[in-house]
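Just so it is clear, the model here is predicted, and its values are computed rather than measured.
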Amino acid sequence: MNFKDLFDVLPDLFNLFIPGFVFLVTYKYFIDEKDKGFDITAIGSIVLSYIFQVPSTLICNWINISGNWITIITITLSFICAILTVKIRLTKVYRNIVKWIGKTTGNKNVWYDIFDLNKGTRIRFFAKFNNQDVTVEGDVKYFEACDDGECNIVISNYKIHYSNDNVYENKTESATIVYNTKNIHGLEAHRGQ
């Protein structure tokens, strides 16, 4: 096989691999926020590319276009399907179906079930602050689920209640406090507040 034959095969390889790769990269980017490094198999990309090429070919035959348009439509279709798959996976209906099948949660980590950054989550827990036992109450601004099952939580609009009935209230909008769940006890979460 010479260089010219290899160069002639490249468009076919592009059509067989790239649409599935685009789907997998897009899906993985939006679903796994923390774990950006991932394994994408060539077989998965090829199978998905073939699946996306079938409707793309039908669309191009229906519109009566050919050539590079099939590739463009296939890549666009794979990107749109990845976004739709992500949207479906984040719905409550999907989570209920997954629970019905037997999996306890639709997410890979339970912290994604507890905290909802879009609707807001207000939490209350016991912890140590300035070497005193306190109750902390605030809004979850951001969280990061760790591989060991723990979670780092960034809290804004917080109040700290000391055991002697003193209350420290955060008056600054931009001030936040960070806690790791291994340092807190008795977590209570209210979603949508």
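Rounding to the nearest 0.5 angstrom, the gap separating the OG1 atom in Thr26 from the CZ atom in Phe21 is 9.5 Å. Note: Ile97 CD1 to Thr91 OG1 = 7.5 Å, rounded to the nearest 0.5 Å. Annotation: the span from Asn152 atom CG to Thr181 atom OG1 amounts to 7.5 Å, rounded to 0.5 Å. One distance of note links CZ of Phe125 with CD of Glu188; it measures 12.0 Å at 0.5 Å rounding. The OG1 atom of Thr85 sits 10.0 Å away from the OH atom of Tyr94 when rounded to the nearest 0.5 Å. Atom-to-atom distance recorded for Ile155:CD1 and Arg122:CZ is 9.5 Å, nearest 0.5 angstrom.
A 6.0 Å sphere centred on CG of Leu84 holds more than 12 heavy atoms belonging to other residues, nucleotides or ligands. Enclosure of atom OH in Tyr162 by more than 12 non-hydrogen atoms of other residues, nucleotides or ligands within 6.0 angstrom is indicated.
By the salt bridge (charged side-chain N to carboxylate O under 4.0 Å, His left out) test, Glu150 is found to be paired with no residue, residues two or more places apart in sequence or in another chain being considered.
In this structure, Val54 is not a member of the same hydrophobic cluster as Ile59, with clusters built from ILVMFWY side-chain heavy atoms closer than 4.5 Å. By the criterion of side-chain heavy atoms lying less than 4.5 angstrom apart, applied directly or through intervening Ile, Leu, Val, Met, Phe, Trp or Tyr residues, Tyr27 is not grouped with Ile80; the two fall into different hydrophobic clusters. Using a 4.5 Å cut-off between side-chain heavy atoms of Ile, Leu, Val, Met, Phe, Trp and Tyr, with links allowed through other members, Leu58 and Ile51 fall into different hydrophobic clusters. Residues Tyr50 and Phe17 fall into different hydrophobic clusters, defined by Ile, Leu, Val, Met, Phe, Trp and Tyr side chains chained together at heavy-atom separations under 4.5 Å. Transitive grouping of hydrophobic side chains (ILVMFWY, heavy atoms separated by less than 4.5 Å) brings Tyr29 and Val86 into a common cluster.
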Subject >> Candidate pair Lys159 and Glu137, rule salt bridge (charged side-chain N to carboxylate O under 4.0 Å, His left out), full reasoning >> reply: CA-CA 5 Å; Lys159 291 181 185 177; Glu137 182 179 343; 6.0 Å; no
Subject >> Thr121 and His190: CA distance, side-chain angles, deciding distance, side-chain contact (heavy atoms from CB on, under 4.5 Å) verdict >> reply: CA-CA 6 Å; Thr121 304; His190 298 276; over 6 Å; no
Subject >> Worked check of side-chain contact (heavy atoms from CB on, under 4.5 Å) between Ser45 and Leu24 >> reply: CA-CA 7 Å; Ser45 295; Leu24 291 173; 3.7 Å; yes
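With a 4.5 Å cut-off on side-chain heavy atoms, Thr135 and Arg124 count as touching. Within the 4.5 Å cutoff, side-chain heavy atoms of Lys128 are placed close to those of Asp133. Side-chain contact between Pro19 and Leu77 is absent, with no heavy atoms from C-beta onward closer than 4.5 Å.
Ala127 and Tyr179 make their closest contact through CB-CE2, 3.6 Å (heavy atoms, listed as atom of the first residue, atom of the second, distance). A pairwise comparison of heavy atoms in Ser49 and Ile18 identifies OG-N, 4.1 Å as the closest pair.
Under the side-chain contact (heavy atoms from CB on, under 4.5 Å) test applied with Phe52, the options Thr74, Ile73, Val47 reduce to a single match, Thr74.
For Thr176 (side chain) and Val154 (main-chain N/O), no donor-acceptor pair under 3.5 Å exists by modelled atom type.
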